[in-house]
Amino acid sequence: MNPSIYRLASVHSKLDDEIRRESRRRLPDSFRIQRLKKLRLAIKDRLHSRAGAVLAT
């Protein structure tokens with residue numbers, strides 16, 4: 001696996017964990033969850049674009 005793809009997948013996984021952790025709190029911060037989800041989506045987009053570039057070569 002390409003190191004940059006691995007790093008992006010690792011960050012995506014950590015963001016998933018953070019979103020789950022925040023959602024389980026007694027009073028979850030919806031603004032923080034929203035920011036984390038947007039960041040996770042941006043990482044996912046970069047991950048898919050890099051994975052597609054690797055597969056195309």
Side-chain angles (χ1 to χ4, degrees):
M1 182 184 286
N2 187 334
S4 64
I5 293 173
Y6 178 78
R7 200 171 24 243
L8 287 171
S10 176
V11 170
H12 187 271
S13 177
K14 288 177 184 177
L15 286 169
D16 274 340
D17 293 342
E18 193 64 30
I19 290 167
R20 267 190 240 106
R21 191 174 308 120
E22 184 65 33
S23 296
R24 288 186 198 138
R25 288 180 52 196
R26 183 185 290 184
L27 295 172
D29 183 352
S30 60
F31 182 70
R32 183 167 190 262
I33 291 172
Q34 183 181 11
R35 284 184 312 173
L36 290 169
K37 285 183 177 183
K38 283 184 180 183
L39 183 56
R40 181 181 63 177
L41 181 60
I43 296 293
K44 183 178 179 182
D45 288 343
R46 288 176 58 191
L47 183 62
H48 283 288
S49 67
R50 295 237 176 130
V54 169
L55 292 176
T57 60

Quick check for you: to the nearest 0.5 Å, what is the distance between [X] atom [atom1] and [Y] atom [atom2]?
X	Y	atom1	atom2	result
H48	I5	NE2	CD1	11.0 Å
I19	R35	CD1	CZ	11.5 Å
I43	D16	CD1	CG	11.5 Å
L39	L15	CG	CG	5.0 Å
Y6	L47	OH	CG	13.0 Å

Per the side chain to side chain contact (heavy atoms under 4.5 Å, CB included) rule, which among R20, E22, R21 passes with R24?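 Of the listed residues R20, E22, R21, the side chain to side chain contact (heavy atoms under 4.5 Å, CB included) partner of R24 is R20.
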Using side-chain heavy atoms (C-beta onward) and a distance below 4.5 Å, is N2 in contact with R50?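 Side chain of N2 against side chain of R50, heavy atoms only: no contact under 4.5 Å found.
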Is there side-chain contact between R32 and E18, with heavy atoms separated by less than 4.5 Å?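 R32 reaches E18 side chain to side chain.
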Name all residues meeting the side chain to side chain donor-acceptor pair (under 3.5 Å) criterion together with R7; count only those two or more places apart in sequence or in a different chain, and write none if there are none.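 For R7, no residue satisfies side chain to side chain donor-acceptor pair (under 3.5 Å) once neighbours in sequence are set aside.
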Tell me if the CZ atom of R46 is crowded by more than 12 foreign heavy atoms within 6.0 Å.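 It does not: R46 CZ has 12 such atoms or fewer within range.
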D17 and K14: CA distance, side-chain angles, deciding distance, salt bridge (charged side-chain N to carboxylate O under 4.0 Å, His left out) verdict: CA-CA 5 Å; D17 293 342; K14 288 177 184 177; over 6 Å; no
Over all atoms of both residues, closest heavy-atom pair of S23 and P28: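 Result for this residue pair: O-CG, 4.0 Å.
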